[in-house]
Amino acid sequence: MHLQSSQDFSRIYAHGHRASDQHLLIFADSNALNINRLGLSISRKHGSAVHRNLKRRRIREAFRGLQHDLPQNFDLVVVPRQRNDSTFQDYRNSFRTLIRRLAKLIQAAECT
């Protein structure tokens with residue numbers, strides 16, 4: 001399932017937590033839907049539409065392959081870093097580490 005409304009993006013940017021590495025910046029907020037939802041924000045600074053769509057496909061596929069192994073109940077907005085050498089495996093590894101880090105941050109914030 002994808003995030004599409006600007007209200008969802010604004011909510012996550014304003015109230016969510018964020019984590020980053022050299023390949024991805026991920027904003028996350030909890031939801032009550034029992035699933036993770038993904039939204040992508042890829043600006044024109046990343047190149048032509050062909051390059052942006054390639055990044056979009058790689059990121060979605062990396063998320064799709066890991067979504068059942070990741071903590072659930074999160075809305076995620078992913079912003080790729082401006083690198084041309086990021087591979088599918090780099091995105092996969094980034095998702096794995098960053099989402100777990102965000103899950104700990106969000107759970108700690110909800111407990112307080």
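Residues that satisfy the ring pair (Phe, Tyr, Trp, His ring centres under 6.0 Å) test with Phe74, not counting sequence neighbours, are absent from this structure. Residues passing the side chain to side chain donor-acceptor pair (under 3.5 Å) test with His51, sequence neighbours excluded: Ser48. Residues that satisfy the side chain to side chain contact (heavy atoms under 4.5 Å, CB included) test with Gln89, not counting sequence neighbours, are Thr87, Arg92, Asn93.
Heavy atoms only, all atoms of each residue included: Asp29 and Gly16 are closest at CB-CA, 4.1 Å. Between Asn36 and Pro71, the closest heavy-atom pair is ND2-O, 2.9 Å. Minimum heavy-atom separation, Ile12 to Ala28: CG2-N, 4.0 Å. Of all the heavy atoms in Ser20 and Arg101, the pair that sits closest is O-NH1, 3.6 Å. Closest heavy-atom contact between Arg81 and Asp21: NE-O, 3.3 Å. In plain terms, the two heavy atoms of Ser86 and Arg58 that are nearest each other are O-NH1, 3.2 Å.
Residues Leu70 and Val77 do not share a hydrophobic cluster, clusters being chains of Ile/Leu/Val/Met/Phe/Trp/Tyr side chains in contact below 4.5 Å. One hydrophobic cluster holds both Tyr91 and Leu76 under the rule that ILVMFWY side chains link at heavy-atom gaps under 4.5 Å. Note on Phe9 and Ile26: separate hydrophobic clusters, where clusters join Ile, Leu, Val, Met, Phe, Trp and Tyr whose side-chain heavy atoms are under 4.5 Å apart, directly or indirectly. The cluster map of Ile, Leu, Val, Met, Phe, Trp and Tyr, joined by side-chain heavy atoms under 4.5 Å apart, puts Leu24 and Leu38 in the same cluster. Hydrophobic clustering of Ile, Leu, Val, Met, Phe, Trp and Tyr side chains at less than 4.5 Å, counting indirect connections, keeps Val79 apart from Leu66.
In the displayed structure, Arg18 atom CZ is contacted under 6.0 Å by at most 12 heavy atoms of other residues, nucleotides or ligands. Sparse packing is recorded around CD of Gln7, with 12 or fewer heavy atoms of other residues, nucleotides or ligands lying under 6.0 Å away.
Considering OG of Ser30 and NE2 of His17, their distance stands at 8.0 Å, rounded to 0.5 Å. Put simply, NZ on Lys104 and CD1 on Ile99 are 13.5 Å apart, with the number rounded to the nearest 0.5 Å. Rounded to the nearest 0.5 Å, atoms CD1 (Ile59) and OG (Ser94) are 9.5 Å apart. For the atom pair CZ of Arg56 and CG of Leu40, the computed distance is 6.5 Å after rounding to the nearest 0.5 Å.
In terms of modelled atom types and a separation under 3.5 Å, the side chain of Gln67 and the main chain of Gln72 share no donor-acceptor contact. The backbone N or O of Asn31 sits nowhere less than 3.5 Å from a side-chain atom of Arg37 that would complete a donor-acceptor pair. Not a single donor-acceptor pair under 3.5 Å links the side chain of Arg52 to the backbone N or O of His46. The main-chain N or O of Ala32 is never found under 3.5 Å from a side-chain atom of Asn73 such that the two would form a donor-acceptor pair.
Ring pair Phe95/Phe63 is tilted by interplanar angle, where 30° to 60° counts as tilted.
Using a cut-off of 4.0 Å between Lys/Arg side-chain N and Asp/Glu carboxylate O, Arg11 and Asp75 are scored as salt-bridged. Between Arg64 and Glu61, at least one side-chain N (NZ, or NE/NH1/NH2) sits under 4.0 Å from a carboxylate O, which counts as a salt bridge.
Two residues are said to be in side-chain contact when any heavy atoms from C-beta on lie closer than 4.5 Å; Asp90 and Arg83 fail this criterion.
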